[in-house]
Amino acid sequence: MSGLLDRLLRAGTTSDAEISLLVKEEGVDAVLAALVDEVLLRASVPTNPEPVDIALDLTHDTETRRVVFHCVGSERITTSAGEAPAEITRELGMSLTHLLRRVYGRPDQRRTGDFSDVFLPSRPDDLSRLPGLVVSTSLASGALMTGLTIPRHELGALCSSSGSDKWASFHWYTGHYEREFAPYRDEPVRLLEIGIGGFDGDLGGGSLRMWKRYFHRGQVFGIDLFDKSALNEPRQTALVCDQSNPAALTALAREYGPFDIVIDDGSHENEHVRTSFDALFPYVRPGGLYVIEDMQTAYIPHMGGTEGPSAGPDTSIGLIKRLVDDLHYHEHTPGGTPTVTQRDVVGVRAYRNIAFVEKGTNGEVGIPPWMDDAAWAALGALSPTD
């Protein structure tokens with residue numbers, strides 16, 4: 001399934017010919033099943049007073065399929081299994097290509113003229129039911145169409161509805177995340193989060209659910225000390241790994257990476273933060289981000305922090321300070337062999353308790369390393385700030 005999912009996440013922005021090749025190789029039924037799962041995930045809960053069934057007829061070349069969505073007010077929409085329902089109150093028609101683009105395309109793609117619609121295709125035997133059917137079918141259809149639309153939820157609201165603590169708890173991180181993640185939102189990203197959360201029998205996973213909904217083409221992985229595979233579903237995978245074990249982190253990254261985004265929301269022990277960064281940063285793709293949360297522990301001694309106003313070099317804050325120096329290594333160590341972070345860190349942006357480290361090619365030398373006082377004097381009136 002993961003291979004098919006990888007292909008689907010990328011196919012939403014490709015040509016008709018490439019989509020046709022994907023469907024030919026993977027099969028209509030496998031592609032359709034994966035897309036329907038995503039539609040059911042995204043669809044809002046309907047509020048229709050009466051249960052109704054809505055049919056979606058799909059075509060691909062000469063093949064046709066019908067999916068029937070069962071809509072009961074105040075319950076998640078499901079697909080009907082077994083015998084066909086006695087009454088269909090709406091028939092929608094769409095090509096499999098258009099369905100794929102509606103689910104895994106881009107938000108600026110056209111969203112009209114890509115489907116057919118027949119409202120109440122059959123006359124009710126009892127016309128006194130007609131007003132109720134119209135209202136219920138309209139409400140159910142609106143809920144279903146949210147599943148056939150690329151979501152643009154505000155991250156703070158998603159955080160609250162998903163049960164994540166990144167907003168409106170001890171933290172207000174989502175504004176920073178929206179600013180930093182905006183360029184990635186509509187891409188087929190691979191995101192790894194250290195720490196799944198949960199305690200006293202609660203599996204956690206609030207942040208995984210939030211990221212899965214925010215990145216509509218993304219695959220989200222989480223790691224935890226305990227087995228939380230009960231959270232696994234399409235585009236969301238919980239893995240067991242100890243963030244203090246660099247060998248285990250490296251093995252995991254080799255199997256599931258490289259990643260576009262890594263978020264450390266794990267133990268927040270300063271030693272663990274540094275260990276995880278050293279192990280995983282090499283597996284962040286160029287142009288990607290490594291995020292460190294809850295850096296306040298750099299000032300908490302029992303978590304490996306430093307007492308007082310200046311965090312020591314072995315803390316998460318100390319790591320960020322060192323990365324800023326690495327960003328400028330051309331200025332202080334010209335001509336030397338760069339370390340991984342001197343070579344690959346191109347941006348360090350710190351906010352309250354959270355920092356974003358951007359990966360790329362740190363190749364801007366700037367002022368030539370041979371410039372000395374004599375060279376500056378030779379420039380005459382031109383000052384270093386001009």
Side-chain angles (χ1 to χ4, degrees), residues 1-46 54-61 63-71 76-80 90-117 140-153 158 162 184-191 208-220 232-237 260:
M1 178 64 178
S2 61
L4 169 60
L5 190 54
D6 279 334
R7 297 187 70 184
L8 288 174
L9 293 174
R10 287 164 172 76
T13 58
T14 60
S15 67
D16 289 1
E18 290 174 284
I19 293 175
S20 292
L21 178 62
L22 183 156
V23 177
K24 180 180 180 181
E25 293 176 349
E26 300 286 353
V28 170
D29 292 321
V31 170
L32 179 57
L35 294 176
V36 168
D37 282 346
E38 186 70 22
V39 170
L40 294 176
L41 166 76
R42 295 183 190 179
S44 60
V45 176
I54 300 173
L56 175 61
D57 294 317
L58 280 303
T59 60
H60 184 75
D61 293 335
E63 297 189 63
T64 61
R65 300 288 190 276
R66 167 168 280 204
V67 180
V68 177
F69 295 93
H70 189 52
C71 307
R76 302 294 309 181
I77 297 175
T78 60
T79 53
S80 296
R90 190 166 214 148
E91 291 177 340
L92 302 173
M94 189 180 298
S95 73
L96 192 59
T97 296
H98 281 139
L99 175 62
L100 195 158
R101 289 206 173 107
R102 273 186 165 264
V103 174
Y104 291 133
R106 295 189 183 278
D108 56 355
Q109 289 176 177
R110 184 176 178 180
R111 289 293 179 271
T112 58
D114 61 353
F115 68 97
S116 63
D117 171 35
S141 299
L144 176 60
M145 289 305 290
T146 63
L148 290 163
T149 304
I150 293 173
R152 306 308 290 172
H153 304 297
L158 267 183
S162 301
Y184 308 87
R185 183 167 189 178
D186 298 315
E187 301 301 324
V189 299
R190 296 177 77 83
L191 181 148
L208 301 186
R209 291 187 290 269
M210 176 181 72
W211 296 130
K212 178 179 176 179
R213 288 184 174 272
Y214 184 77
F215 295 107
H216 78 279
R217 300 174 69 201
Q219 294 205 63
V220 178
N232 290 357
E233 56 187 44
R235 299 201 297 116
Q236 178 176 297
T237 305
D260 300 280

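All figures in this text were calculated on a predicted structure; none of them were measured in a lab.
- With R235 contributing its side chain and F215 its backbone, the two residues share a donor-acceptor pair below 3.5 Å.
- Here the CZ atom belonging to R101 is positioned 15.5 Å from the CG atom belonging to L148, to the nearest 0.5 angstrom.
- Considering NE2 of H216 and CZ of R152, their distance stands at 7.0 Å, rounded to 0.5 Å.
- One distance of note links NE2 of H153 with CG of L158; it measures 5.5 Å at 0.5 Å rounding.
- R217 contributes no side-chain N or O that, together with a main-chain N or O of L8, makes up a donor-acceptor pair within less than 3.5 Å.
- Put simply, CD1 on I19 and OG on S95 are 8.5 Å apart, with the number rounded to the nearest 0.5 Å.
- The two atoms that bring C71 and P46 nearest to each other are CB-CG, 4.4 Å, heavy atoms only.
- A salt bridge is defined here as a Lys NZ or Arg NE, NH1 or NH2 lying under 4.0 Å from an Asp or Glu carboxylate O, and D6 with R190 meets this definition.
- Proximity of E91 to R66: side-chain heavy atoms (C-beta onward) are separated by under 4.5 Å at one or more points.
- Across every non-hydrogen atom of L144 and V39, the tightest pair is CD1-CG1, 4.1 Å.
- A salt bridge does not link E187 with R10: none of the charged nitrogens is closer than 4.0 Å to a carboxylate oxygen.
- The side-chain heavy atoms of V45 and R76, taken from C-beta on, include a pair separated by under 4.5 Å.
- Two residues are said to be in side-chain contact when any heavy atoms from C-beta on lie closer than 4.5 Å; L100 and L35 meet this criterion.
- Interatomic distance, CG of D37 versus CG of L32, reported as 9.5 Å (0.5 Å rounding).
- Looking only at distances, a side-chain donor or acceptor of E18 sits under 3.5 Å from a matching main-chain atom of S15.
- The structure places CG of D108 at 8.0 Å from CD1 of I150, a figure rounded to the nearest 0.5 Å.
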